[in-house]
Amino acid sequence: MDTKHIKISDYNYPLPDERIAKYPLAERDHSKLLVYRHGEVSEDIFYNIPSLLPENALMVFNNTRVIRARLHFHKDTGALIEVFLMEPAMPADYEQIFQTTGHCSWLCMIGNLKKWKEGSLSRMLTVNGRDVELSATLRRSSELTPAQQAMTAHSGGTNYWVDFDWNSDDSFSDILIAAGELPIPPYLNRETEKSDLTTYQTVYSKIKGSVAAPTAGLHFTDRVLADIDKAGIERDEVTLHVGAGTFKPVKSEEIEGHQMHSEYIIVHRHTLERLLRHDCKCIAVGTTSVRTLESLYYIGAYIFKHPDAQEEDLHVGQWVPYDDGHDGKLVDDISPRQSVEAILNWLDVNGLEALHTSTQIIIAPGYEYKFVKTLITNFHQPQSTLLLLVSAFLHGDWRKVYDYALAHDFRFLSYGDSCLLMP
């Protein structure tokens, strides 16, 4: 199959607005669960999922936490400008930028950009009981260094460099708590409500950085996690900071014309070691965990062939799985085990406990999964890259799943029901 020439119109299905869940259920783990096992479809309740999973398996979660990434400013004319934080620019490290005081810079999407050509915008906040002025300054490309221009270009031309300044010693994390709005998905067609601050986070979220939740994880409760442990299933976590690109529609007729956004990932040594112990097979919770885990293969294959690789060499490009690897040479002769071992050796040589890099991987029909053997996910939008990922996992059998869900009153998208896929 020539993956690049897949027609996105072949991945369409009717999704009435009333089937999109605008709010979650009162109890997370009471959602319906569609079970696809060896081509057969049935249904259950999510809290029963521990009894349905393979024994002695490794289950991998994405522990990212959604930030209050949407900031609003008014110009003197009254025009409303929305500044949507996409990824840290200075400092470029997620952990550091939330701890900065006084100044930081982000790459941002700008709403109503035509009304903000230059200059600074400001607003007053109450932060930790004190009045604080926050300003945002849009930097034109000509004002950026070549390295900074490259950072903005990496986003595909949709992100802009914005400097933030505030006159206090409060951290940027404190600023966001006071001024930011949690960015719920646009297809919910409603404003963010106070309840979303809790319901749009997984119970195991830890590492701040996402602008969208890894929604397959929203069904888990502490009770379900405890039952998974009792069932003898080992749990581990990776981090992928979900970008707004997860909602970006595919507008090109063929997927070759669609550009994936780059997303930041962190994988710790202990996760890689557990993968080896489980024969490089695992259960992925959500498509974000899939993108992280499957990217590991291409990172390790590159290191296997380039042991002296630098961190900046390890980014996984969108078409790497289909273009025979990072360097134009076949990587399929490298096993998943060899790939993971190569990353561990590279961490040893560089004195690191975790892999920090980024991925733009697109997983679509024609892709061969390396690590993920079981997938827990929600129901995705028609003609989306996430639906392509599911189709690849089910060897093209996605319609059976979606036809069943539509016929049996399943709720769709971020706050909707879940499915357990075991092809």
Side-chain angles (χ1 to χ4, degrees), residues 64-75 79-125 127-128 132-183 207-212 239-245 261-266 311-312 315 356-360:
T64 189
R65 187 165 180 82
V66 186
I67 62 172
R68 302 188 188 191
R70 186 176 281 134
L71 294 164
H72 292 109
F73 293 85
H74 282 94
K75 293 193 66 178
L80 177 65
I81 309 296
E82 180 177 283
V83 182
F84 197 122
L85 307 178
M86 289 296 294
E87 59 181 287
M90 192 174 67
D93 179 85
Y94 278 89
E95 188 172 348
Q96 290 180 22
I97 202 163
F98 290 116
Q99 300 308 314
T100 57
T101 58
H103 174 86
C104 66
S105 303
W106 284 76
L107 300 182
C108 304
M109 294 175 68
I110 309 294
N112 209 7
L113 178 65
K114 64 181 182 295
K115 295 289 181 70
W116 187 27
K117 296 296 185 184
E118 58 185 359
S120 297
L121 305 173
S122 64
R123 57 180 287 191
M124 294 303 297
L125 313 172
V127 184
N128 295 322
V132 176
E133 183 177 21
L134 172 67
S135 67
T137 305
L138 180 65
R139 297 264 296 276
R140 290 172 294 190
S141 181
S142 59
E143 300 173 316
L144 302 176
T145 67
Q148 291 169 344
Q149 290 176 2
M151 287 180 70
T152 59
H154 190 57
S155 70
T158 59
N159 292 348
Y160 297 85
W161 188 290
V162 178
D163 292 329
F164 294 97
D165 294 276
W166 59 102
N167 58 345
S168 73
D169 58 1
D170 299 291
S171 70
F172 192 65
S173 182
D174 291 329
I175 297 295
L176 287 188
I177 290 171
E181 181 181 294
L182 199 76
I207 312 299
K208 289 181 288 191
S210 277
V211 301
T239 303
L240 180 141
H241 289 317
V242 190
H261 281 201
S262 185
E263 295 173 302
Y264 184 77
I265 62 176
I266 307 170
E311 189 174 279
E312 57 267 24
H315 170 78
H356 294 250
T357 186
S358 57
T359 183
Q360 282 176 282

*Asks:* Evaluate side chain to side chain contact (heavy atoms under 4.5 Å, CB included) for Q148 paired with R139, printing each intermediate quantity in order.
*Replies:* CA-CA 10 Å; Q148 291 169 344; R139 297 264 296 276; 3.4 Å; yes
*Asks:* Any side-chain heavy atom of V66 within less than 4.5 Å of one from P183?
*Replies:*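 Touching, per the 4.5 Å side-chain cut-off.
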*Asks:* Please tell me if the side chains of R68 and E181 come closer than 4.5 Å, counting only heavy atoms from C-beta onward.
*Replies:*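 R68 vs E181: side chains apart.
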*Asks:* Nearest 0.5 Å, please: how far is OG1 in T239 from CD in E263?
*Replies:*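 Atom-to-atom, E263:CD and T239:OG1 are 12.5 Å apart.
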*Asks:* Please identify which of these residues, V132, T101, L125, meets the side chain to side chain contact (heavy atoms under 4.5 Å, CB included) condition with S168.
*Replies:*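 Of all the options given, the one that passes is V132.
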*Asks:* Which distance, rounded to the nearest 0.5 Å, do you find between the OG of S135 and the CZ of R123?
*Replies:*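 Rounded to the nearest 0.5 Å, the OG-CZ separation comes out at 12.0 Å.
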*Asks:* Measuring from atom OH of Y160 to atom CZ of F84, what distance do you get when rounded to the nearest 0.5 angstrom?
*Replies:*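 Reported to 0.5 Å precision, the distance equals 15.5 Å.
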*Asks:* For a quick test of reading the model, state the closest non-hydrogen atom pair linking E143 to L138 and the distance between them.
*Replies:*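 Scanning both residues completely, I find the closest heavy atoms to be OE1-O, 4.1 Å.
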*Asks:* Could you check F164 against L71 for side chain to side chain contact (heavy atoms under 4.5 Å, CB included), going step by step and ending with a plain yes or no?
*Replies:* CA-CA 11 Å; F164 294 97; L71 294 164; 3.8 Å; yes
*Asks:* In Å and rounded to the nearest 0.5 Å, what is the OG1 to CH2 distance from T152 to W161?
*Replies:*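 Interatomic distance, T152 OG1 to W161 CH2, rounded to 0.5 Å: 8.5 Å.
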*Asks:* Below 30° counts as parallel, above 60° as perpendicular, anything between as tilted: where do the rings of H356 and Y264 land?
*Replies:*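 Ring orientation of H356 relative to Y264: tilted.
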*Asks:* List the atom of S358, the atom of H315, and the distance in Å for their closest heavy-atom pair.
*Replies:*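 Taking every non-hydrogen atom into account, OG-ND1, 2.7 Å.
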*Asks:* Verify side chain to side chain contact (heavy atoms under 4.5 Å, CB included) between T64 and I207, making sure each step is shown before the conclusion.
*Replies:* CA-CA 5 Å; T64 189; I207 312 299; 5.5 Å; no
*Asks:* Kindly indicate whether the side chain of F172, heavy atoms from C-beta on, has any atom under 4.5 Å from the side chain of T100.
*Replies:*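 They are in contact (side-chain heavy atoms under 4.5 Å apart), so the answer is yes.
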*Asks:* Might you point out which heavy atoms bring R70 and L182 nearest each other, and give the distance in Å?
*Replies:*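 For R70 and L182, the tightest heavy-atom pair comes out as NH1-O, 4.1 Å.
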*Asks:* Is there a side chain to side chain contact (heavy atoms under 4.5 Å, CB included) between L240 and T359? Walk through the geometry before answering.
*Replies:* CA-CA 9 Å; L240 180 141; T359 183; 4.1 Å; yes
*Asks:* Could you tell me whether the side chain of K75 and the main chain of K115 form a donor-acceptor pair under 3.5 Å?
*Replies:*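 Checking the backbone N and O of K115 against the side chain of K75, a donor-acceptor pair under 3.5 Å is found.
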*Asks:* Report yes if the side chains of I110 and V83 come closer than 4.5 Å at any heavy-atom pair, otherwise no.
*Replies:*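 Heavy-atom side-chain distance check passes, below 4.5 Å.
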*Asks:* Does a side-chain heavy-atom distance below 4.5 Å link V127 with L134?
*Replies:*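 The answer is no, as the side chains (C-beta and beyond) never meet within the 4.5 Å cut-off.
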*Asks:* Give the minimum heavy-atom separation between F73 and A136, together with the two atoms involved.
*Replies:*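 Smallest heavy-atom distance, with atoms named: CZ-CB, 3.8 Å.
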*Asks:* For the CE atom of M109 and the CG atom of N159, what is their distance to the nearest 0.5 Å?
*Replies:*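 Interatomic distance, M109 CE to N159 CG, rounded to 0.5 Å: 7.0 Å.
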*Asks:* Side chains of Y94 and I266, heavy atoms from C-beta outward: is any pair under 4.5 Å?
*Replies:*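 With C-beta onward as the side chain, the pair stays apart.
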*Asks:* Give the C-alpha distance, both sets of side-chain angles, the deciding distance and a yes or no for side-chain hydrogen bond (donor to acceptor under 3.5 Å, both in side chains) between S105 and D163.
*Replies:* CA-CA 4 Å; S105 303; D163 292 329; 2.5 Å; yes
*Asks:* Supply the atom-to-atom distance Q149 CD to L144 CG, rounded to the nearest 0.5 angstrom.
*Replies:*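 Atom-to-atom, Q149:CD and L144:CG are 5.5 Å apart.
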*Asks:* Which atom pair, heavy atoms only, marks the closest approach of L85 to C108?
*Replies:*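 The answer is CD2-SG, 3.8 Å.
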*Asks:* Which pair of heavy atoms, one from K208 and one from S173, lies closest together, and at what distance?
*Replies:*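 For K208 versus S173, the nearest heavy atoms are NZ-OG, 2.7 Å.
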*Asks:* With a sphere of 6.0 Å drawn around CD of E95, does it hold more than 12 non-hydrogen atoms of other residues, nucleotides or ligands?
*Replies:*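 Check fails, neighbour count at 12 or below.
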